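I have placed the structure first, in the form of structure tokens, so that the comments after it can refer back to it.
Keep in mind that this is a model prediction, so the values were computed, not measured. Quick note on labels: first sequence line is chain A, next is B, and so on, each numbered from 1.
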Protein chains: 2
Amino acid sequence: MSNQNITEALGYLMFQICRAHRNRAQELLSELGLYTGQEILLMHLWEKDGRSQSELADLMCVQPATLTKSIDRMSTAGLIERRPDPNDGRVSRVYLRQAGRDIQALVEGVWQQVEAESFAHLTVEERILLRRLLMQVKQNISPD
Amino acid sequence: MSNQNITEALGYLMFQICRAHRNRAQELLSELGLYTGQEILLMHLWEKDGRSQSELADLMCVQPATLTKSIDRMSTAGLIERRPDPNDGRVSRVYLRQAGRDIQALVEGVWQQVEAESFAHLTVEERILLRRLLMQVKQNISPD
DNA sequence: TGATATTGTTTAGTCGGCAAATAAAAGCTG
DNA sequence: CAGCTTTTATTTGCCGACTAAACAATATCA
């Protein structure tokens with residue numbers, strides 16, 4: 001119970017898996033001209049276009065300052081664009097451009113592939129169980 | 001089975017947990033003057049002092065270039081120091097300095113605290129099960 | 001109405017990561 | 001032994017992430 005060694009912590013195990021997951025996703029996403037994390041932003045726009053930056057920051061659990069630079073780069077790349085909110089001069093809303101829409105299927109394919117690789121050799125029951133356990137962990141640690 | 005939506009992927013769930021875990025650890029480690037990831041390097045030195053950089057890179061699943069800069073900063077901070085290997089002119093070995101030894105108990109305390117917070121409300125059986133499932137995922141995705 | 005919060009975004013600086021190119025030392029091989 | 005290959009570490013440059021601070025626009029309230 002009192003694991004002195006960090007190496008044996010469940011948190012460290014998850015840390016290693018997430019890094020491997022990220023590296024594998026990056027390997028495939030780089031072929032689409034994307035960097036890690038950019039597909040998450042696109043995903044939220046595919047779900048609902050024209051979100052404000054603070055809205056995106058909340059959804060992505062990221063600081064607003066992180067988004068500013070990322071949106072700059074993705075705008076330069078032609079994936080998205082900023083447009084000021086007509087009703088509130090403070091907020092700037094983020095909209096998909098055509099290039100950002102066009103890669104949706106490819107990006108989702110990448111995620112499905114990595115998902116399949118990661119959770120191979122697990123039965124359906126085990127996946128359901130894993131999801132239930134992880135949901136509990138998320139509730140424990142997320143500042144809801 | 002064919003989850004179109006990335007939000008519902010198990011990989012995304014783990015991604016969110018890892019970020020929350022990292023942020024929580026960072027919050028506590030910053031009080032010790034450490035940045036995220038530095039405690040992992042120290043951990044491997046506490047286990048065995050004087051490791052080479054390539055050895056550390058393997059253990060940490062990190063590129064050598066990442067370590068170079070991190071070791072620079074941690075050396076400046078007085079936590080560790082580089083010493084050339086007497087038998088092989090290529091390798092430089094990393095040794096703990098006193099400040100790096102002194103914070104071991106504090107850092108391990110932080111990890112135990114975050115571990116306890118993260119995996120609260122899970123029975124012993126559930127933790128064992130979670131570990132088994134995660135080990136399988138790690139084997140799937142890690143380039144052993 | 002006018003002074004004071006509050007909210008949304010940006011800027012500057014730092015850190016952990018990566019890839020690609022480079023340099024230096026050791027190992028191998030004919 | 002000379003030449004090629006492999007291993008080890010560094011440099012450069014970029015991206016995602018953070019904090020702290022600044023700035024601009026809207027809300028709030030006396």
Side-chain angles (χ1 to χ4, degrees), chain A residues 15-16 18-42 50-77 79 82-94 143, chain B residues 15-16 18-43 51-77 79 82-94 143:
Chain A
F15 165 75
Q16 291 176 300
C18 280
R19 167 125 73 224
H21 187 278
R22 185 175 60 87
N23 287 344
R24 179 67 181 132
Q26 189 167 44
E27 193 176 340
L28 298 174
L29 288 173
S30 67
E31 296 173 8
L32 307 179
L34 289 183
Y35 293 89
T36 307
Q38 296 189 343
E39 87 279 11
I40 308 289
L41 192 153
L42 289 175
R51 294 188 193 267
S52 72
Q53 296 190 202
S54 61
E55 193 180 347
L56 287 167
D58 278 351
L59 287 167
M60 298 172 72
C61 298
V62 147
Q63 296 302 309
T66 301
L67 273 180
T68 296
K69 283 195 285 188
S70 188
I71 292 174
D72 285 348
R73 282 185 281 258
M74 292 175 72
S75 297
T76 304
L79 295 166
R82 282 194 184 86
R83 283 188 236 153
D85 186 298
N87 302 322
D88 191 332
R90 292 169 299 183
V91 335
S92 90
R93 300 196 167 274
V94 185
Chain B
F15 165 74
Q16 291 177 300
C18 279
R19 169 122 74 219
H21 186 280
R22 186 174 60 85
N23 287 344
R24 180 65 180 132
Q26 188 166 45
E27 193 175 340
L28 299 174
L29 288 174
S30 66
E31 297 173 8
L32 307 179
L34 289 183
Y35 294 88
T36 308
Q38 296 189 344
E39 87 278 13
I40 308 290
L41 193 154
L42 289 174
M43 179 188 76
R51 294 189 193 268
S52 73
Q53 296 191 204
S54 63
E55 193 180 347
L56 286 167
D58 278 351
L59 287 168
M60 298 171 70
C61 298
V62 147
Q63 296 302 311
T66 300
L67 272 180
T68 296
K69 284 195 287 187
S70 189
I71 291 174
D72 284 348
R73 284 186 279 257
M74 293 175 73
S75 297
T76 304
L79 295 166
R82 282 192 183 87
R83 285 187 234 152
D85 186 297
N87 302 322
D88 191 331
R90 291 170 300 181
V91 336
S92 88
R93 300 195 167 274
V94 185

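The line from CZ of A/Arg51 to CZ of A/Arg93 is 10.0 Å long, rounded to the nearest 0.5 Å. The distance from the CG atom of B/Asp72 to the OG atom of B/Ser70 is 8.5 Å, given to the nearest 0.5 Å.
Using a 4.5 Å heavy-atom threshold, the side chains of B/Leu34 and B/Leu42 count as touching. Side chains of A/Met60 and A/Leu67 form a contact here, defined as non-hydrogen atoms less than 4.5 Å apart. Between B/Arg24 and B/Leu28, some side-chain heavy-atom pair lies under the 4.5 Å cut-off. At a threshold of 4.5 Å between non-hydrogen side-chain atoms, the residues B/Leu79 and B/Leu41 do not count as touching.
The footprint of chain B on DNA chain D, defined by a heavy-atom cutoff below 4.0 Å, extends from D/dT7 to D/dC18.
Put simply, the side chain of A/Arg19 gets close to the backbone of B/Cys61: a donor and an acceptor are under 3.5 Å apart. Side-chain atoms of A/Glu55 never come within 3.5 Å of backbone atoms of A/Gln53 as a donor-acceptor pair (strictly under, hydrogens ignored). Put simply, the side chain of A/Glu39 gets close to the backbone of A/Gly37: a donor and an acceptor are under 3.5 Å apart.
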Can you give one letter per nucleotide of nucleotides 1-13 of chain C, 5' to 3': B if a protein heavy atom sits under 4.0 Å from the base, S if only from the sugar-phosphate, - if neither?
------BSBBB-B
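Considering only side-chain N and O atoms, A/Arg19 lies under 4.0 angstrom from the phosphate OP1 or OP2 of C/dG17. Between A/Asn23 and the phosphate of C/dC18, there is a side-chain N or O to OP1/OP2 separation shorter than 4.0 Å. Look at B/Gln38 and you won't find any side-chain N or O under 4.0 angstrom from OP1 or OP2 of C/dC15.
Protein atom CG of B/Asp85 is 14 Å distant from nucleotide atom P of C/dA25, rounded to whole Å. In this entry the distance linking CD of B/Gln26 with C1' of C/dC15 reads 9 Å, nearest Å. Taking atom CG on B/Leu32 and atom P on C/dC15, their separation rounds to 17 Å, with Å as the unit. Put simply, CG on B/Leu29 is 15 Å from P on C/dC15, counting in whole angstrom units.
Residue contacts shown for B/Gly89 are limited to sugar-phosphate atoms, with no base heavy atom under 4.0 Å away.
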